[in-house]
Structures are given as structure tokens and as C-alpha cells.
Number of protein chains: 2
Amino acid sequence: MNPKKEDRRVERTRMLLHEALMALILEKGYESVTVQDILDRANLGRSTFYCHYRDKDDLFLKGFDHLHSMLERQHAVAQESGADNPAGFNLSLELFRHAQQNYRLYKALVGRQSGQMLTSHAHTLLTAFVRTHLTDLCTGSKNGPASAELLAHWLASSFLSLLTWWLDNNLPCSAEEIDTLFRKLSLPGVESVIGQSLSH
Amino acid sequence: MNPKKEDRRVERTRMLLHEALMALILEKGYESVTVQDILDRANLGRSTFYCHYRDKDDLFLKGFDHLHSMLERQHAVAQESGADNPAGFNLSLELFRHAQQNYRLYKALVGRQSGQMLTSHAHTLLTAFVRTHLTDLCTGSKNGPASAELLAHWLASSFLSLLTWWLDNNLPCSAEEIDTLFRKLSLPGVESVIGQSLSH
DNA sequence: TCTGTAATGAACATAGCGTTCATTATTGGC
DNA sequence: GCCAATAATGAACGCTATGTTCATTACAGA
């Protein structure tokens, strides 16, 4: 019953699959990786894969939950460091830097060649994260049809748009510069809609 | 040699295929429409399809070029009506209205359920269109790494983000309202980056 | 050592794609 | 109205990839 005592073969197998997928993503891009590719790379049997995961997306997303943890951690940090940064926007620079450090992986995942799956998932995570931070800012302001939901959706799109451009153009500027650009492009719009100045 | 004198069976066949695809998109969404579905609906043979088009995307995009024509026409109108609207942004309202009129189709095409293909194509078209209008605004301004290319990319993303949200939420407000929102969100950012005020 | 559980992998069923080719239908030119 | 050129047909095929089944084997832990 103790999960730790669960057969460690399981954990090992899952790790093998995940690592094989990651390596293949770097080589071919997510979309063109096939289940058979993963199996060959990990030296595992076909049925083994389907014992653990429903399909390729499932394998990837299960391993991708660490981004969610990362967002949560960032959330906690933002909370304790007080309101020196508004609406969790400080996350953007961290993400740009992380993308810079893991350039090839990010490009394979979120670049033009990648598919819908990941971008869509990342958008969902980002939107959810930003929304929680925006809710307080939006309540009480006469923003008409502009809900926190809409703003979060738009901000996530704005961020991913710049990230994609940055990666597809092979990092033509530093993470700090692209982050500055992101803020200069996005924050004025948010301010003008919620009618409230955000400290920057 | 006169293209008009080309066998009119060709034109008819292509129209049948295109209409079948459109009808099916409304029913099942673009991604889940299969070539066989189109064939069954159009009552055409499999080989006939591949005589005319490379694959499903090809069929769709060939028929989709009318949006490109629409953009070109809009371009011409903007040219002759003078510079009363900056940067071709007057296009946005037209597109929102068109989306409202063809609600079900747009939702099937650009909504959450749709795939990458169309969104990506629309993004490319929009980016190209906006870029030509931005080039003059950007030259001569000290915008650092912010190129017209980047701004166009970002603006297209911003527009598509709002369009998607609007459609996925079943048109919670009017086309005019969502367009106003688009401008309020996007234009301040553009102004702050190119350091130049855009009319209203 | 024994026992339950995980891994195996070959075989199968399914689905969709894109091609081929011999045959049939239609059209425009005469 | 007839003919030659061209378009449409559709069944059959090969291919790739998916996801499932099941009897067998390997192994970790008590």
C-alpha cells in the first residue's frame, strides 16, 4: 500500500519511456515521433508502453507536469516576496530564461514545427496561472465584457507569441530584452482595459 | 488553351469536393474529417480526389485563398481611403463581423476543437498583411530589436487570441465590443514599442 | 524459495493515407 | 452526329501507424 514500495521496475520503465521521448523530440520534433520510435529507443515492448500510458500525448503530458509544479512554485515565491510585482508577470522572465537554457528542447516543443498539443496545453496552464493573479485586479473595475478569464487568455497568447517568435528566429536578442518587449507590448493594454496602473 | 474552355467538369468536381468538406467541417470539425468522408459526401471516387488535390489540407487551403483575396481587397480599400486608419487595423472589425455572420463555420475552423493547420495559416496571412502596413511606421523609430516582423507576428497572435476566445465563449459580446477590446489591448503596446502615437 | 506482479513481443484488428490502372463517361471540335 | 482527347471511376494494393490480446517469461520482495 505504501507507494514507495511499489515495484521500482514501474518507475524505471516510465523513466526510460520519458527519456526516449525527450531524446527523440530533440531529433525529429514532437509531431513526427512515433510510438514505435519510442519503443525502439527505450528497448521496450509495445504492450509495455500501453500498460503505462494511453498514447504519446499521455506520456508527454504526464512528464510535463513539472512545468505545472514550476508554476506553482513560482506562485508561492511571488506570494511571499509580496506584491512587488503585479499579477505574476515576473514569471515571464523566468520562462524566457528557461527557454534560453533549454533552447533546442523548447524549439522542438513550441516552435513552428511543433504541433498543437503542447502549445495548447502550455496555453491552458499559463492562462490558469495568470487568471488567479488577475482576479483581484479585475474585481471592482468597470471593465465591461473584459473578464479576468479573457485577459488571462490574451496574456498567455501574447507571451507564447513572443516566445515562439524568439525561438523560431534563433534567439535574436537576450532573454531580458524579449521580456522587456513582452511587458512593453502587453502591460499597457492590460492597464488600459482594467483602468488601473500596474507597477512595473 | 483558353482556360475558360477547360473542361467544366473539373470545376464542377472541385466545387463538389470543396462543398463536401465545408459541410463536414460544420458537422465534425476540420481535424476529424477524413478524405473518405469527403468522397462519400461528394459521391466521387477516391482517385478523383487525388487527381485534383494532394491531400485534405491542400483542398481546404486552395478554397481558402478567398480570404487572401479579401485581405488584398481590404488593402486596396485602405489605400484609396487614405490614412484615416492606421496600420490596416480597420480590418479587425471586418473580420470580427465576418466571424459573427459565419459563426458555426468559424468556430469549427478556429475554435478550440480545430487543429493547428488553419490557425497557423491564418496567422501567416494576417502577419504578412499587417507587416506591409507596419513597415513604414517602424522605419526610423529607435525600436531596438522590435522589428516590423515581430510586431506583425504579435498583432496577429493578439487578434487570433481574442477571436478564439470570442468564438469559444459563444459570442458573449458584440463584434464592435470585442474589436474595441482588441484595440484597447493591442494598440497601446504597439505605440509604446514604436514610440509613436497611432491615431485614436 | 515462493508468489504476485510487471514485462515481453508476436500476432491481430483497425484505420487512414496515397497510388495504380484498366475501364467508362463526357465534352469540345469538326 | 461522330471522333479524339481528356476526365472520372473505383477496386485493389501497399504502406504506416495505432491500440489490443494473450500466453510466456522475468523479477522483486516477503
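The salt bridge (charged side-chain N to carboxylate O under 4.0 Å, His left out) check on B:Asp58 picks up B:Lys62, with sequence neighbours excluded. Taking B:Glu27 as the reference, B:Leu24, B:Arg41 meet the side chain to side chain contact (heavy atoms under 4.5 Å, CB included) condition, with sequence neighbours excluded. In terms of the ring pair (Phe, Tyr, Trp, His ring centres under 6.0 Å) criterion, residue partners of A:His121 (sequence neighbours excluded) are, by chain and number, A:Phe64. With sequence neighbours excluded, no residue forms a salt bridge (charged side-chain N to carboxylate O under 4.0 Å, His left out) with A:Asp40. Shown here are the side chain to side chain contact (heavy atoms under 4.5 Å, CB included) partners of A:Ser47, two or more places apart in sequence or in another chain: there are none. Listed by chain and number, the residues in a salt bridge (charged side-chain N to carboxylate O under 4.0 Å, His left out) with A:Arg104 amount to none (sequence neighbours excluded). Shown here are the side chain to side chain contact (heavy atoms under 4.5 Å, CB included) partners of B:Leu16, two or more places apart in sequence or in another chain: B:Arg12, B:Ala42, B:Leu44. Looking at residues two or more places apart in sequence or on another chain, you find no salt bridge (charged side-chain N to carboxylate O under 4.0 Å, His left out) involving A:Arg54.
The separation between A:Arg46 atom CZ and C:dA13 atom P is 16 Å, rounded to whole Å. For B:Asp58 and C:dG18, the CG to C1' distance is 13 Å, given to the nearest whole Å. Separating the CG atom of B:Leu39 from the P atom of D:dA11 is a distance of 12 Å, rounded to the nearest angstrom. Atom CE in A:Met15 sits about 13 Å away from atom P in C:dA7, given to the nearest Å. One can place CG of A:Asp40 at 14 Å from C1' of C:dA10, the figure rounded to the nearest angstrom. Separating the CG atom of A:Leu59 from the C1' atom of D:dG19 is a distance of 15 Å, rounded to the nearest angstrom. In this structure, CD1 of A:Ile38 is placed 17 Å from P of C:dG9, rounded to the nearest angstrom.
Within residues 48-57 of chain B, the residues approached by DNA chain D to less than 4.0 Å at the level of any non-hydrogen atom are B:Thr48, B:His52, in residue-number order. For DNA chain C, none of the residues of residues 26-37 of chain A falls under the heavy-atom distance limit of 4.0 Å.
Judged as a ring pair (Phe, Tyr, Trp, His ring centres under 6.0 Å), the pairs with a partner in residues 30-58 of chain B (not counting sequence neighbours) are, in order, B:Tyr30-B:Phe60.
Distance from the side chain of A:Leu44 is smallest for C:dT8 among the nucleotides C:dT8, C:dC17, D:dG19. Nearest nucleotide to the side chain of B:Ser47, out of D:dT9, C:dG9, D:dT18: D:dT9.
One finds a side-chain N or O of A:Thr13 lying less than 4.0 angstrom from the OP1 or OP2 phosphate oxygen of C:dA7.
B:Ser161 pairs with exactly one of A:Ser158, A:Ser157, A:Ser161 by the side chain to side chain donor-acceptor pair (under 3.5 Å) rule, that one being A:Ser157.
Remark: side-chain polar atoms of B:Asn169 are not paired, donor with acceptor, to backbone N or O of B:Leu171 under 3.5 angstrom.
For DNA chain C, each stem of at least three Watson-Crick or G-U pairs (distances under 3.5 Å) is given as range with range: C:1-30 with D:1-30.
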